[in-house]
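To find a chain, count down the sequence lines: A is the first, B the second, and so on, and within it residues start at 1. Computed over heavy atoms, backbone and side chain alike; hydrogens, waters and symmetry mates excluded.
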Amino acid sequence: MTPEELSTAIRSALQGAVHDGQLQVDVPADLRVERPRQRGHGDWATSLALQLAKGAGMPPRDVATILAERIGQVPGVAGVEVAGPGFLNITLDAASAGELARTIVRAGPAYGTNGSEHGRCTNVEFVSANPTGPIHLGGTRWAAVGDSLARIIEANGGTVTREYYFNDHGAQIDRFSRSLLAAAKGDPAPEDGYAGDYVLDIAHRVMDREAGILELPDEQAQERFRAIGVTMMFEEIKASLHDFGVDFDVYFHENDLHADGAVDKAIARLTERGEMFERDGALWLRTSAYGDDKDRVVIRSNGEPSYFSGDLAYYLNKRERGADRVFIMLGADHHGYIGRLMAMCQAFGDAPHENLEVLIGQMVNLVKDGKPVRMSKRAGTVVVLEDLLDAVGKDAARYALTRSSTDSTMDIDLDLLTRHSNENPVYYVQYAHARTSNVARLAAEDGVARSDGFDPSLLVDPTEAALLATLGDYPRVVAQSATLREPHRVARYLEDLAGRFHKWYDTCRVRPLTVEDEVTDLHRTRLWLNDATRQVLANGLGLLGVSAPDRM
RNA sequence: GCCCCCGUAGCUCAGGGGAUAGAGCACCGCCCUCCGGAGGCGGGGGCGUAGGUUCGAAUCCUACCGGGGGCACCA
């Protein structure tokens, strides 16, 4: 029995009590069972009676008693107990609980998925780092989290477009190309330019590609450096993201919005809607009408479009390409941007926080010996995606960046990058998966086969009940991670599951102790449970973009 | 001044109102003649402060304290 099935059964029990006049309450829309923290409080618990007591005009324990009697009749429920102020603690019979192992194995990769996002197309824009250098830690965090979130929404049945906004239009590109030119000439980097070995590296590669580029007049040379250098940088970013397991469906160039008239179109649309106005020689969007602090310039008084103009066009473009919902993931240093983006959304006639969501992630700090380290090119403490990848590998890097909430600033310890340590919880989870693989392999050698027997009533060990209950939680974790946009919940869940598995493994053998011992249904049934665990670990790790190794 | 995020164990962090607040790491002590000890068992220690809402608050609200990040005709 899955927790969903149990919840449904409880709902029926409640409806029955209402129907028979035992209780006079509204049946709540959200009715669910929870895993009690304490052992001894049953397999599942609900505080339903406590919630209903007031409306029913009865003491909570009386409500609980009425419900307990009815829930106790549900097939598969071994016992119901009224506890404390009115909790209902429910124990399933082993057979009913154990059936879940077979359900999971049969569902395979589909276990935990659902259709709640079916028919909805979400455009997820993340990373979007400027092509003026490698991806820093902040962008790396978004790469991991954004890709996971995309996977999770897909697991909820949604269609996702992963999108990278490639900012190749404005002043920072000029600074980058001037920096390349300066580096090529052996001059120091411009005041407001970019420094670092990678600039010199790109400059050299541009010169290799285009011999004689330095013979050109500065202006033309700079333009060549821009065109070639930006493309090279872009390819590098793409390649390192790929190595990180993140591939975008669309790399969108800001330049195109300006070149193909998309900006003009967006402005025309907003003008039609009466949202634009002129002041001081500039063209403005009246974002203050929709909650923004102030109005925002779209075309500057010098005739140049502002950065914001690209956002207008880009949003419209995404919607016209079929996105029902647009996610934009930004660093905390951009939180001040939310107001104008939401106002823009509304100005287009869309629903803010429905058609558009801005997800803010806090910063990543570099730490050494518990002390913050400023990222400094001179000190060699700039850490980029490749550094993290080289140091700990894709799995550990992605896991570490995904396992905590994006609401918290994150510290990355510099020592981790040099120590190659096994402290990462990812190994705990991966090891559990490797163990399940090992057990399955050895069981097969011993002639233990799932197909020969399955008797879930044999799964009576407390560690088996705990493992089963945790396995049953997985679908809700996937659903909740999606609705809250919080991939870290999957990671935390996997750590819990891995722990339950390790404890079970320590207590319950899947294979006979020796070759002389007979293979029984207990062994076979436990193999089902082992394989179910393996499946869920693999499914969950997949959502994080982390591999599920058979050996470590 | 205004806005956003955070403050939970020595450290890094989970805990979207529920029972005795958890995990990893670190520290101490144990556990395979038995599926991989990258494991398991036990121990010490914690919700920034003060109010409020609630049968019940780490969780919701308010104020304050502390830390981080923002408040451009820059991108």
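- Within 4.0 Å (heavy atoms only), A/D280 reaches at least one base atom of the nucleic acid.
- For A/T463, the side-chain contact (heavy atoms from CB on, under 4.5 Å) criterion is met by A/D461, A/W504, A/T507, A/C508, not counting sequence neighbours.
- Applying the side-chain contact (heavy atoms from CB on, under 4.5 Å) rule to A/D280 yields no partners; only residues at least two apart in sequence or on another chain are considered.
- A donor-acceptor contact under 3.5 Å is formed by the side chain of A/S301 with the base of B/rC73.
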- Toss me the dot-bracket line for RNA chain B: Watson-Crick and G-U wobble, both under 3.5 Å, 5' to 3', using | for pairs to another strand and [ ] for crossers. (((((((..((((....[...)))).(((((.......)))))....(((((..]....))))))))))))....
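- Counting non-hydrogen atoms under 4.0 angstrom, A/T409 reaches the backbone sugars and phosphates but no base.
- Distances shown here put every side-chain N or O of A/H502 at or beyond 4.0 Å from the OP1 or OP2 atom of B/rG36.
- Using a 4.0 Å heavy-atom criterion, one finds that A/L484 contacts the bases of the nucleic acid, with or without backbone contacts as well.
- The listed nucleotides are B/rG16, B/rC6, B/rG39; the one nearest the side chain of A/D506 is B/rG39.
- The distance between atom CZ of A/R500 and atom C1' of B/rG40, rounded to the nearest whole Å, is 14 Å.
- Counting non-hydrogen atoms under 4.0 angstrom, A/Q480 reaches a base of the nucleic acid.
- Distances were taken from every side-chain heavy atom of A/K54 (C-beta onward) to each of B/rC73, B/rU54, B/rA14; the shortest belongs to B/rU54.
- Ring to ring, A/W528 and A/F454 are close: their centroids are under 6.0 angstrom apart.
- A gap of 36 Å separates the C1' atoms of B/rG1 and B/rA14, to the nearest Å.
- B/rC5 atom C1' lies 11 Å from atom CZ of A/R141, rounded to whole Å.
- When heavy atoms are screened at a 4.0 angstrom cut-off, A/R441 is found touching no nucleic acid atom at all.
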- Take nucleotides 19-24 of chain B nucleotide by nucleotide from the 5' end and write B, S or -, depending on whether a protein heavy atom sits under 4.0 Å from the base, only from the sugar-phosphate, or from neither. BB-S-S
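- Between the CD atom of A/Q51 and the C1' atom of B/rU54 there is a distance of 13 Å, rounded to whole Å.
- At the heavy-atom level, A/L50 lies under 4.0 Å from base atoms of the strands shown.
- Between B/rA38, B/rG16, B/rA75, one nucleotide has an atom nearer to the side chain of A/R300 than all others, and that is B/rA75.
- Taking the ring centre of A/Y505 as origin, the terminal cationic atom of A/R435 falls inside the region bounded by 6.0 Å and 45° from the ring axis.
- Looking at residues two or more places apart in sequence or on another chain, you find no ring-ring contact (aromatic ring centres under 6.0 Å, His included) involving A/W44.
- With hydrogens and angles ignored, the 3.5 Å screen pairs no side-chain donor or acceptor of A/R61 with any backbone N or O of A/P85.
- With sequence neighbours excluded, the residues forming a side-chain contact (heavy atoms from CB on, under 4.5 Å) with A/Y290 are A/E275, A/A343, A/Q346, A/A347, listed by chain and number.
- Of the N and O atoms on the side chains of A/H169 and A/N255, at least one donor lies less than 3.5 Å from an acceptor on the other residue.
- Listed by chain and residue number, A/P512, A/L513, A/T514 satisfy the side-chain contact (heavy atoms from CB on, under 4.5 Å) test with A/D517 (two or more places apart in sequence, or in another chain).
- A/R61 has no side-chain polar atom (N or O) that falls below the 4.0 Å cut-off from OP1 or OP2 of B/rC55.
- For A/Y505, counting side-chain heavy atoms from C-beta on, the closest listed nucleotide (B/rG16, B/rG36, B/rA75) is B/rG36.
- As judged by a 4.0 angstrom heavy-atom cut-off over every strand, A/S405 is placed among residues touching the sugar-phosphate backbone only.
- In this structure, the OH atom of A/Y399 is 12 Å from the P atom of B/rC25, given to the nearest Å.
- Applying the salt bridge (charged side-chain N to carboxylate O under 4.0 Å, His left out) rule to pairs touching residues 288-309 of chain A yields A/D292-A/R296, sequence neighbours excluded.
- Identified under the salt bridge (charged side-chain N to carboxylate O under 4.0 Å, His left out) test for residues 165-180 of chain A, with sequence neighbours left out: A/R178-A/D192.
- In this entry the distance linking CG of A/D407 with C1' of B/rA14 reads 13 Å, nearest Å.
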Close N/O contacts between protein and nucleotides 69-71 of chain B (under 3.5 Å):
from   : atom 1 : to     : atom 2 : distance (Å)
B/rG69 : O2'    : A/A332 : O      : 3.2
B/rG69 : O2'    : A/D333 : N      : 3.3
B/rG69 : N2     : A/H335 : ND1    : 3.0

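- Across all strands shown, A/R435 has heavy atoms under 4.0 Å from sugar-phosphate atoms exclusively, and none from any base.
- Comparing the C1' positions of B/rU54 and B/rG70 gives a spacing of 35 Å, expressed to the nearest Å.
- Within 4.0 Å of A/D411, counting heavy atoms only, lie sugar-phosphate atoms of the nucleic acid but no base atom.
- Checked against the 6.0 Å centroid criterion, the rings of A/F234 and A/Y251 qualify as a close aromatic pair.
- In this structure, A/M276 atom CE and B/rC73 atom P are separated by 14 Å, rounded to whole Å.
- Map A/N365 and A/E34 each onto its nearest nucleotide of RNA chain B; the residue landing nearer the 5' end is A/E34.
- With rounding to whole Å, A/R279 atom CZ is found 13 Å from B/rA72 atom C1'.
- Residue A/A282 is in base contact, counting any heavy-atom pair closer than 4.0 Å across all strands shown.
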N/O donor to acceptor pairs below 3.5 angstrom from side-chain atoms of residues 305-314 of chain A, sequence neighbours left out:
from   : atom 1 : to     : atom 2 : distance (Å)
A/S306 : OG     : A/V297 : O      : 2.8
A/S306 : OG     : A/V298 : O      : 3.2
A/S306 : OG     : A/F308 : N      : 3.3
A/S306 : OG     : A/S309 : N      : 3.4
A/S309 : OG     : A/S306 : O      : 2.6
A/D311 : OD2    : A/Y337 : OH     : 3.0
A/Y314 : OH     : A/E163 : OE2    : 2.8

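- Nucleotides of RNA chain B nearest to A/C508 and A/H488 differ in position, and the one nearer the 5' end is that of A/H488.
- For A/R511, whose side chain is taken as the heavy atoms from C-beta onward, the closest listed nucleotide among B/rG18, B/rC35, B/rC73 is B/rC35.
- Between A/M233 and A/P134, the closest side-chain pair of non-hydrogen atoms falls below 4.5 Å.
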Sequence neighbours excluded and cut-off under 3.5 Å, please list the side-chain donor-acceptor pairs for residues 468-478 of chain A, or say none.
from   : atom 1 : to     : atom 2 : distance (Å)
A/T470 : OG1    : A/A466 : O      : 3.0
A/T470 : OG1    : A/R500 : NE     : 3.2
A/D473 : OD1    : A/R476 : NH2    : 3.1
A/Y474 : OH     : A/G540 : N      : 3.4
A/R476 : NH1    : A/V33  : O      : 2.8
A/R476 : NH2    : A/V33  : O      : 3.1

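- Taking the P atoms as reference points, B/rC4 lies 10 Å from B/rU62, given to the whole Å.
- A donor-acceptor contact under 3.5 Å is not formed by the side chain of A/E486 with the base of B/rG16.
- What separates NE2 of A/H169 from P of B/rC74 is a distance of 12 Å, to the nearest Å.
- Contact check, A/T436 against B/rC35: no side-chain N or O comes under 4.0 Å of OP1 or OP2.
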